[in-house]
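The structure under discussion appears below in the form of structure tokens.
Chain letters run A, B, ... following the sequence lines, proteins first and then strands; every chain starts at 1.
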Amino acid sequence: MTLRLFNTLSGQLDEVLPADGVALRMYACGPTVYDYGHIGNFRTFLQVDMLRRALRLFGVPVRHVMNITDVDDKIIRNAAASGVSIADYTPRFEQAFLDDLKSLGVEMPEVLSRATEHIPQMVRLVERLAEAGAAYMAEDGNWYFRLKAFPEYGKLSKKDLEGISDGARVDVDEYERDSARDFALWKATKPGETGWETAIGRGRPGWHLECSAMAMEYLGESFDLHAGGEDLMFPHHENEIAQSESATGKLFARHWFHVRFLLVNGRKMSKSEGNFFTLRDLLLKGYKASAIRLALISVPYRHQLNFTFDGLVEATSAIDRLRTFATRLRAANLETGATVAGSAAASRAHEEFLAALANDLNTAEARAAIFELVREGNIALDAGLLRAEDRDAMLRALATFDSVFAVLTDNDAAPTRAAIEWASENGKLDQVAPELLAAQSLTDAEIDARIEERNLARRQRNFRRADQIRDELAALGILIEDGRDGVRWKHK
RNA sequence: GGCGCGGUACCCAAGUGGUAAGGGAGAGGUCUGCAAAACCUUUAUGCGUCGGUUCGAUCCCGACCCGCGCCUCCA
């Protein structure tokens with residue numbers, strides 16, 4: 001099966017295959033490390049993660065490059081406000097970002113590239129553009145891209161060059177430029193300001209330049225797929241295309257993958273709306289990393305996702321259902337052999353799952369295919385009809401599901417613990433949900449001791465005492481479940 | 001103003017020119033000292049409104065209403 005994805009450039013579903021027949025070369029615009037990542041950022045990175053996992057599932061090796069923008073206006077502003085250089089300011093946020101990706105189960109790209117480590121490549125690109133007559137230095141020392149040099153400008157975002165100024169705010173006072181729409185490649189800086197001494201003058205890169213230079217550095221002048229949030233389509237990606245193709249004369253990226261913005265409580269996320277959340281905010285409120293991951297990937301990437309706390313609760317329950325089923329399957333004592341119904345259910349789930357992903361990464365439909373399997377498997381288990389080979393086939397279907405969704409294995413404790421530690425180190429303990437904090441205060445051994453005490457009370461049929469202990473633990477966020485084969489507990 | 005997306009049950013959310021996936025929540029049931037958990041069953045004559053095309057439309061076309069996004073730093 002081949003993955004077909006919507007391509008912003010062609011405006012249709014295109015098959016995603018490596019042009020060189022070896023590995024799919026993809027570039028994804030990464031974060032600007034000036035602050036902690038928010039869930040909007042992570043929806044995009046998570047969907048790119050789904051894409052690379054799906055490609056691998058379809059047998060396509062991936063060479064994935066992600067940039068880290070570690071120099072830009074906001075970084076310079078924030079670093080200055082903190083009284084440190086940008087080199088001292090950004091590592092903390094870069095590490096936080098990478099930690100957050102790990103918490104969410106996002107795989108690391110094959111290459112991480114920092115803008116500040118590729119200044120020579122960027123300078124060379126400006127020089128090439130200047131030679132081609134597509135770049136010029138203005139009186140202010142800034143280098144600009146000459147839009148008139150690239151007639152195809154607007155082909156990605158389907159914008160008419162003439163229409164761009166309509167209603168858009170264009171700084172008409174920038175008289176140094178040939179055209180108000182020419183964009184900055186390189187910004188001149190004065191000594192003392194953040195900058196590099198280079199052949200094209202002292203300065204720092206414009207935002208768009210870094211992606212072109214680094215994509216070409218690691219993937220070549222022409223590569224398979226370029227990904228990013230929908231907001232980057234214009235002007236960022238349009239500018240990348242203009243710069244790159246003007247310099248090389250080659251098609252920059254064949255396929256453009258854009259992830260739609262999410263909404264939070266029905267509105268665009270913004271600090272002023274009060275609906276702005278970082279991953280850490282959510283972990284500290286007690287939501288599990290796996291639930292956040294599932295909530296952010298369950299709506300297909302081209303659809304607007306409305307992110308809510310209710311959605312996180314739902315995702316939590318959905319994951320419990322999946323994990324319980326997997327556990328139940330593994331623990332079941334089954335006769336050897338297979339049944340027609342059991343095998344059919346497993347293979348159909350498997351096929352429907354793959355078909356859904358192949359169809360423009362329809363994660364909602366893919367998820368549904370697996371939940372149908374859960375229901376059918378549970379019914380067969382209840383009826384005692386499932387055989388060992390059916391079970392194995394179902395476990396394989398679940399494994400396939402999880403190779404892309406990655407929510408089945410419970411790795412939730414570590415991110416939560418790390419978030420609490422982080423809050424503690426940064427004076428934010430007041431933001432931690434009380435139950436979460438209370439639960440952390442008890443060691444597992446202490447919990448086990450309390451449960452043993454309760455078991456004793458139960459054996460003596462002292463149910464008042466037993467219920468009292470259960471309530472006390474519940475107040476600390478520990479849920480007790482009496483099962484046939486012993487007592488289990490879990491964090492709420 | 002230009003470009004684009006969406007309106008499907010209590011909530012989230014797929015989908016198809018032939019009669020509505022899945023998840024959550026609610027209700028009922030099994031199990032249990034009780035509870036929880038788990039499991040099963042169940043919940044839209046209906047897919048924003050009004051027209052049109054068609055044997056037949058939620059799905060196609062048109063108009064309208066509503067919500068949202070991009071066009072400016074932004075994932």
Side-chain angles (χ1 to χ4, degrees), chain A residues 8 11 28-32 34-35 37-48 72-74 77 154 157-160 162-171 207 227-236 238 258-263 266-270 294-296 298-308 310-325 327-328 352 356 359 362-375 377-379 381-383 458-459 461-464 466-467 470-471 474 479-484 487-490 492:
Chain A
T8 309
C29 286
T32 302
Y34 68 101
D35 204 346
H38 60 249
I39 53 174
N41 296 315
F42 292 121
R43 152 119 128 146
T44 299
F45 295 115
L46 242 9
Q47 291 289 352
V48 171
D72 96 314
D73 291 347
K74 283 190 290 283
R77 181 196 66 204
S157 54
K158 321 293 183 223
K159 283 187 192 306
D160 177 356
E162 296 310 310
I164 288 171
S165 60
D166 280 353
R169 220 176 319 133
V170 171
D171 198 347
W207 173 38
E230 65 167 333
D231 58 309
L232 300 183
M233 196 167 92
F234 184 90
H236 183 54
E238 202 73 72
H258 289 108
V259 180
R260 197 124 193 240
F261 264 8
L262 58 67
L263 260 33
R267 308 217 68 90
K268 181 169 172 172
M269 181 171 62
S270 77
L294 187 65
L296 290 174
S298 289
V299 174
Y301 76 97
R302 277 211 289 155
H303 289 228
Q304 212 165 42
L305 157 71
N306 186 18
F307 184 91
T308 60
D310 283 350
L312 288 179
V313 173
E314 187 229 292
T316 306
S317 302
I319 288 173
D320 278 347
R321 183 167 159 83
L322 290 168
R323 289 181 182 169
T324 301
F325 176 60
T327 304
R328 207 180 162 201
E352 286 179 1
N359 179 24
N362 190 334
T363 48
E365 212 170 46
R367 199 185 110 148
I370 292 304
F371 274 97
E372 279 180 69
L373 176 66
V374 172
R375 195 188 61 247
N378 273 321
I379 291 172
L381 238 21
D382 281 355
R458 289 178 70 214
R459 277 197 293 277
R461 303 195 68 78
N462 182 356
F463 295 121
R464 259 195 63 177
D467 291 351
R470 184 167 65 197
D471 291 345
L479 295 181
I480 302 292
E481 294 170 9
D482 300 329
R484 271 221 181 76
V487 179
R488 289 192 313 162
W489 65 269
K490 64 179 183 181
K492 198 188 272 180

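Salt bridge A:Glu481/A:Lys490: present, at least one basic N to carboxylate O contact under 4.0 Å. Between A:Arg458 and A:Asp482 there is a salt bridge, since at least one side-chain N of the basic residue sits less than 4.0 Å from a carboxylate O of the acidic one. Taking 4.0 Å as the cut-off between side-chain N and carboxylate O, A:Glu314 and A:Arg367 count as a salt-bridged pair.
A:Trp489 has no side-chain polar atom (N or O) that falls below the 4.0 Å cut-off from OP1 or OP2 of B:rA37. Within the 4.0 Å cut-off from OP1 or OP2 of B:rA37, not a single side-chain nitrogen or oxygen of A:Arg323 is found.
Remark: side-chain polar atoms of A:Asn362 are not paired, donor with acceptor, to backbone N or O of A:Ala356 under 3.5 angstrom. In terms of modelled atom types and a separation under 3.5 Å, the side chain of A:Arg43 and the main chain of A:Arg260 share a donor-acceptor contact. A:Gln47 places no side-chain N or O within 3.5 Å of a backbone atom of A:Val259 that could act as its donor or acceptor partner.
Taking atom CG on A:Leu294 and atom P on B:rA13, their separation rounds to 13 Å, with Å as the unit. As rounded to whole Å, 15 Å separates atom P of B:rA38 from atom CD1 of A:Ile480.
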Could you go through nucleotides 8-10 of chain B and list every protein N or O atom that sits under 3.5 Å from one of its N or O atoms, giving the distance for each pair?
none

At a cut-off of 3.5 Å, list every protein nitrogen or oxygen paired with a nitrogen or oxygen from nucleotides 14-16 of chain B, distance to 0.1 Å.
from	atom 1	to	atom 2	distance (Å)
B:rA14	OP1	A:His303	ND1	2.9
B:rA14	O3'	A:Asn362	ND2	3.0
B:rA14	O2'	A:Glu365	OE2	3.4
B:rG15	OP1	A:Asn362	ND2	2.9

N/O-N/O pairs, protein side and nucleotides 29-33 of chain B side, under 3.5 Å:
from	atom 1	to	atom 2	distance (Å)
B:rG33	N1	A:Asp467	OD1	3.1
B:rG33	N2	A:Asp467	OD2	2.8

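B:rA75 has its base stacked against the ring of A:Phe261, the centroids being under 5.5 angstrom apart at an interplanar angle below 30°.
Among the nucleotides B:rC73, B:rG24, B:rG69, the one closest to the side chain of A:Ser317 is B:rG24. The side chain of A:Phe234 approaches B:rU72 more closely than any other nucleotide in the set B:rU72, B:rG22, B:rC73. Candidate nucleotides B:rC71, B:rG69, B:rG22 were compared by shortest atom distance to the side chain of A:Leu263, and B:rG69 ranks first. Counting only heavy atoms from C-beta on, A:Thr324 has its side chain closest to B:rA38 among B:rA36, B:rA21, B:rA38. The side chain of A:Arg375 lies closest to B:rU41 when the candidates are B:rC74, B:rU41, B:rC71.
Across B:rC34 and B:rU8, the matching P atoms stand 43 Å from one another, rounded to whole Å. Straight-line distance between the C1' atoms of B:rA14 and B:rG51: roughly 28 Å, to the nearest whole Å. Taking atom C1' in both B:rU16 and B:rU58, one finds a spacing of 9 Å when rounded to whole Å. Look at the P atom in both B:rG29 and B:rG7: the space between them is 37 Å, to the nearest Å.
Going from atom CD1 of A:Ile370 over to atom CZ of A:Arg321 covers 12.5 Å, rounded to the nearest 0.5 Å.
Using a 4.0 Å heavy-atom cutoff across all strands shown, A:Gly311 reaches no nucleic acid atom at all. Across all strands shown, A:Leu262 has heavy atoms under 4.0 Å from base atoms, whether or not it also approaches the sugar-phosphate. Note on A:Arg260: a base of the nucleic acid sits closer than 4.0 angstrom, heavy atoms only. Backbone-only engagement by A:Phe371 is indicated by non-hydrogen atom pairs under 4.0 Å involving sugar-phosphate atoms exclusively.
Nearest-nucleotide positions on RNA chain B for A:Glu314 and A:Asp320 put A:Glu314 closer to the 5' end. With RNA chain B read from its 5' end, the first of the two nearest nucleotides for A:Ala318 and A:Leu305 is the one closest to A:Leu305.
Take A:Asp467 and apply the side chain to side chain donor-acceptor pair (under 3.5 Å) test, not counting sequence neighbours, and it matches A:Arg470. Residues satisfying the side chain to side chain donor-acceptor pair (under 3.5 Å) test with A:Thr8, not counting sequence neighbours, are A:His258.
Between the side chain of A:Lys159 and the base of B:rC70, no donor-acceptor pair under 3.5 Å is found.
Taking a pair as Watson-Crick or G-U wobble with both distances under 3.5 Å, RNA chain B forms stems of 3 or more consecutive pairs at B:1-7 with B:65-71, B:10-12 with B:22-24, B:25-30 with B:38-43, B:48-52 with B:60-64.
Annotation for A:Arg488: atom CZ does not count as buried by contact number, only 12 or fewer foreign heavy atoms lying within 6.0 Å.
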Can you list the steps and then say if A:Phe261 with A:Asp231 is a side chain to side chain contact (heavy atoms under 4.5 Å, CB included)? CA-CA 8 Å; A:Phe261 264 8; A:Asp231 58 309; 3.3 Å; yes
